[in-house]
Structures are given as structure tokens and as C-alpha cells.
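These notes concern the structure reproduced below.
Residue numbering restarts at 1 for every chain, and letters A, B, ... go by the order of the sequence lines.
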Protein chains: 2
Amino acid sequence: MGTETNKMPKAKYESIYRDLKDQIEAGEYPSGKLLPSENVLCETFGCSRNTIRRAVGMLASDGYVQSQHGKGIWSIYEPSDQTTFVVGGIEPFAEAARRNGREPGTRLIDFKEITVDKEMSKRSGFPEGSEVYYIERVRLLDGKPLIFDINLFLKSAIPGLTPELAAGSVYAYAENEKGLKVTTSRRKITAERASSKDKHNLDLKDYDFVCVISSQTYSADGTMFEYTRSRHRPDCFCFIDTAFRPDSGNRNTALVKQA
Amino acid sequence: MGTETNKMPKAKYESIYRDLKDQIEAGEYPSGKLLPSENVLCETFGCSRNTIRRAVGMLASDGYVQSQHGKGIWSIYEPSDQTTFVVGGIEPFAEAARRNGREPGTRLIDFKEITVDKEMSKRSGFPEGSEVYYIERVRLLDGKPLIFDINLFLKSAIPGLTPELAAGSVYAYAENEKGLKVTTSRRKITAERASSKDKHNLDLKDYDFVCVISSQTYSADGTMFEYTRSRHRPDCFCFIDTAFRPDSGNRNTALVKQA
DNA sequence: GCCGATTTGTCCGTATGTATC
DNA sequence: CGATACATACGGACAAATCGG
């Protein structure tokens, strides 16, 4: 390991994507301003048009730019105000917290090993009889208990998990120690009445409801290894998404959503 | 116009995408089952590998499939149970309702023409002084008032809007009559305490909070023409999303999110 | 552990279509 | 009408991961 900055992108399209994203965030292309044409970008970055289109497509799926057929590509980037906790891609809680400029903390509430029963199978998507770790954790942001997490992790995918590890980052353990490759996560956002556990563990003020992200996460070999319900204090919760209209002339060559 | 089914896809990648999606939804590839290899799919559909990869990428961004480097592409599709109203892409309310198997209805509450002031500018993203239509509507599903919509539409983008039109589909008018091309929408999902208007207009039962989708929508020429806040009854609301882990080996060539 | 076949991932060059100006 | 710009599609090349022998 050298002293280079972390996460050197290997792929060309990714480094171009990051370059352009940085430029947009730095204000070089405020909302409404046209970017250079694809052909110019090809020369600038010394690559083919396909590669440029891939990077631009990723920016479009992030809601940073928009392109129109005969005209060009322009920025529609609006910096967000960051008063709430913005939920992003698949990332460990600590990373998400720092991305939002908050100091993360974790309080372990419960840790046990259980077998998935019929009712739990129906809700989680794990087959009945699966052996899983059941973990309850309170997540702190700048010291305040704002998120109540309930995790089910498949034991066969992450053997050897302990309460001590669960108090830190399960993902760090799974990816670095166990070689687990996390790929896809399907998430549902809903809101529910606050449970007594929510009220007990979270600093809910006088709110009596929570925002809930229920997610099923898959590893590279296609097995679902995690089911999580994250219960958020509503005034500190924000989920952002960008959608496209498929039937319109614009059909962005968008790529994977990049956090 | 002939008798052909609506929305004949012009692009090859799109018709392949739909074919595969239909097959997966029909149960030909239950979760865990491997799809044919890209080269086989090339022969099946009579196209190049790039085109196949594009269609597969769209399926991945829909959370239907997942691919791994030397192995293949398999289904991770789990049919949803459809007890709630699932929010999808950019689509008129009536379409979304029918996609969820519900009968849509609209009740116009308010319609006026206003000028955006400072406070409203800050929240909506419209420049101060913009001339907009202000519309309040209650959306019915199977006759039940479940969604309270507040729209701001830019007058210059959709001139000639009337209460009568607003009682139907503004999008149909804007796209078909005015030639507006809708492309991108940025959305935030939050939850808020129910306002007195919510309680008055919606059938909230004993819920005292609502799920809110705030969206800014852009036309093909890059102007933001719509700001909307959709306030949903929480027990009938569900927002679904698929996320990817960028640093993992798998980097899906995913395309635009397709409803 | 090595090798070769298969499969996906990245990248390129090119051609053609179509919308905008 | 021509020039410019994005959209679609093809074919080829090589790298890297996986799996079986």
C-alpha cells in the first residue's frame, strides 16, 4: 500500500465520472450550463465516445445532468442543504454519517442467534429455518440516537460474528475478513407508528411515528445475506431519488447508481 | 394509427429488456436461476453483445437480476405482494394507479395563478417572481382519498391550463397538446405530521402523519417546470428502490430506471 | 496447482439515424 | 440545406473471474 489517495478508480469511465462530478459540485457547471459536447470530452479525456457516454449516463442517473438529442448536455445540479440525514447507496453507517458531516456512534441493544420462523420468513425473505444473527442497534449522529436498526444476517455468509464486532461495522468484518462481496440491495421506504422500542431507544421528541427503510441485500454469488429494518426519526430523515420518463425522447444511458 | 398495441418500442435494447422482464415476471427465471449467457442471448435476439448488456443492465437497475464476473447472470426477482400503493417512475397518477391495480379518481380542491415569493422559491426551487399555476388535488384510489397533491406548474411551460384540465391529467395536456417533453425528476421522500388540510381532505383514519414525496421535474430543454408535494396516507404508501455497491467487483452496466 | 474453456467487464472504432440550429 | 450533437447498434479486442479437468 502506498500513500496514494484511497480508492483509485481502475476503470476509465469511473475516473471520468468522478472528475466531472467533482467539477459540477465545485460549481464549474451551475444548473443550466451546457457541458462540452461528447466529442470534445472524448478529446479532453482521451477516450472513445462510448466511455464518455457511460460516465455522463452515471451523472444523469445521479440527477446531476440531463442531455437532449441535438442540443447537448447540461447541468441540473442543485446543491442540497444538508439539514437532514440523506440516505445514499449501500454503505456502512459510519460512512453515511461522515458523508452527511455527522459524527457516527453505535449502541448495541441486542445480539442473538436465532432460527427464522414462518412469520419472520414471510417478512424478511429468508427461507424458514435459516440460521441468522439477530441484532438490534441504536445509531447515533453527533451523539443523538436517531436511528434504530434491526438486522438479520445469514450465519453461513458471515460466520463468527460477535457482539463486539456488531458494535462496530459488520460490513467491514464481512468484506475484509470474510471476503463477502456486497452487490445489490432492494429497499422499501415506508412510515410506521412508533413502537415502544422506538420510543425507548430513540430521541423521538414528540413524534409518534418513524420512517422505515426495509432492505434485502445480496452478495455477489446471488444469496441474500441481510435483511434490515432501519427506523429513523422523521425530522432527520431524507431519501433522495432521481427518476426518468422512459417514453420521452431522452433516454439516458445511465449507469449504476453511485451512492 | 393502426390497431397495434400501444408503445411499440423502437429501440432494440428496449424490446429485449421488456421481453426478458416479462419472462422473469412470468416465472421462467425464479430467484436464483441462471439466465442464458450473454453470447447465447445475442444469438437468441439476433443482436450484438452491447445491446444485450444494455438490456440486462436495465434489469439489474430494476433489481430483477444480478451478474457476476466469470459466472453469469441470475434472477433475484421476488414478486411483491401489492397491498400498498407502490410509487414508480415519472408517470401520470392514473397510470400509476392502474399499474397497482386500482381505480383512479381526482377531486380538484384549488386552482389559482400565483407569483412565486421568496419563501416559496426557497422550498420549490423556482426563481422568485416565476408565474405558476397553484393546484391542490385529492387523489382517489378505488374511491378512497389517499393522496393529497400540491402542484406548482410553470405557466410559460404549460400555457392555457384550466381547472377543467387540472381535474384530469395535466401531463396528458402538457405532452400531447403543448409538446412538452418530460425527462428527469428529482424526488425526496420524507414523513411529516399531518396538517389540518391533510386531515380534512384525506381519509387518514387515526394516523396523524403522512408520507411526502417532494419532486422537481425537468423538461427536455432543461427547465424545471414542476414542483410537487404528494402527501400520502402512510399505510398505503410504499417507495421501492434498488441500490448497488460501487466498490464491489460487480459493476452493473445498468441503464435508466424504467418505472 | 496449473491450464483451458466459458463468461462477464472494459474499451475502442465505426456506421447510421435523428433532433437541433 | 448543411453542420453539429446526441442515440442506437455493430463488431472486435483484450482483461479478469470462475469453474472443471
Rounded distance in Å - [atom1] ([X]) to [atom2] ([N]):
X         : N       : atom1 : atom2 : value
Glu38(B)  : dA9(D)  : CD    : C1'   : 16 Å
Lys181(B) : dA19(C) : NZ    : P     : 7 Å
Asp221(B) : dA5(D)  : CG    : P     : 19 Å
Ile52(A)  : dG13(C) : CD1   : P     : 12 Å
Lys10(B)  : dT16(C) : NZ    : C1'   : 17 Å
Arg54(B)  : dC10(D) : CZ    : C1'   : 14 Å
Trp74(A)  : dA5(D)  : CH2   : P     : 13 Å

So does [X] get a side-chain nitrogen or oxygen closer than 4.0 Å to the phosphate oxygens (OP1/OP2) of [N]?
X        : N       : result
Lys12(A) : dC12(C) : yes
Lys71(B) : dA17(D) : no
Thr51(A) : dC12(C) : yes
Arg53(A) : dA7(D)  : yes
Ser67(A) : dA7(D)  : yes
Gln68(A) : dC6(D)  : no

Quiz item: If you find the nucleotide of DNA chain C closest to Ile73(B) and the one closest to Asn50(B), which residue's nucleotide is nearer the 5' end?
Solution: Ile73(B)

Show every donor-acceptor pair shorter than 3.5 Å between a side-chain atom in residues 70-78 of chain B and any protein atom, with sequence neighbours excluded, or say none if there are none.
unit_1: Ser75(B); atom_1: OG; unit_2: Tyr29(B); atom_2: O; d: 2.8
unit_1: Ser75(B); atom_1: OG; unit_2: Tyr77(B); atom_2: N; d: 3.2
unit_1: Glu78(B); atom_1: OE2; unit_2: Ser31(B); atom_2: OG; d: 3.4

Restricting both atoms to N or O, compile the protein contacts to nucleotides 14-16 of chain D shorter than 3.5 Å, with distance only.
unit_1: dA16(D); atom_1: N3; unit_2: His69(B); atom_2: NE2; d: 3.1

Exercise. Side-chain contact test, heavy atoms from C-beta onward, threshold under 4.5 Å: evaluate it for Tyr218(B) versus Phe225(B) and give yes or no.
Key: no

Exercise. Please identify each residue that fulfils salt bridge (Lys or Arg N to Asp or Glu O under 4.0 Å) with Arg98(A), with sequence neighbours left out.
Key: none

Exercise. Can you measure from CD (Glu175(B)) to NZ (Lys181(B)) and round to the nearest 0.5 angstrom?
Key: 11.0 Å

Please enumerate all residues that pass side chain to side chain contact (heavy atoms under 4.5 Å, CB included) together with [X], with sequence neighbours excluded.
X         : answer
Ser37(A)  : Asn39(A), Val40(A)
Ser169(A) : Pro92(A), Tyr171(A), Ala172(A)
Lys178(A) : Pro159(A), Tyr173(A)

Quiz item: Among all residues two or more places apart in sequence or in another chain, which pass the ring-ring contact (aromatic ring centres under 6.0 Å, His included) test with Tyr133(B)?
Solution: Phe111(B)

Quiz item: Taking only residues two or more places apart in sequence or in another chain, which ones pass ring-ring contact (aromatic ring centres under 6.0 Å, His included) with Tyr227(A)?
Solution: none

Quiz item: Which ones in residues 39-47 of chain A lie close to DNA chain D, meaning a heavy atom under 4.0 Å from one of its atoms?
Solution: none

Practice problem: Examine the side chains of Ser48(B) and Asn50(B) and answer whether a donor and an acceptor come within less than 3.5 Å of each other. | Solution: no

Quiz item: Whom does dC1(D) pair with, Watson-Crick or G-U wobble, provided both distances fall under 3.5 Å?
Solution: none

Quiz item: dA9(D), dC12(C), dT8(C): which one has an atom nearest the side-chain heavy atoms of Ser48(A)?
Solution: dC12(C)

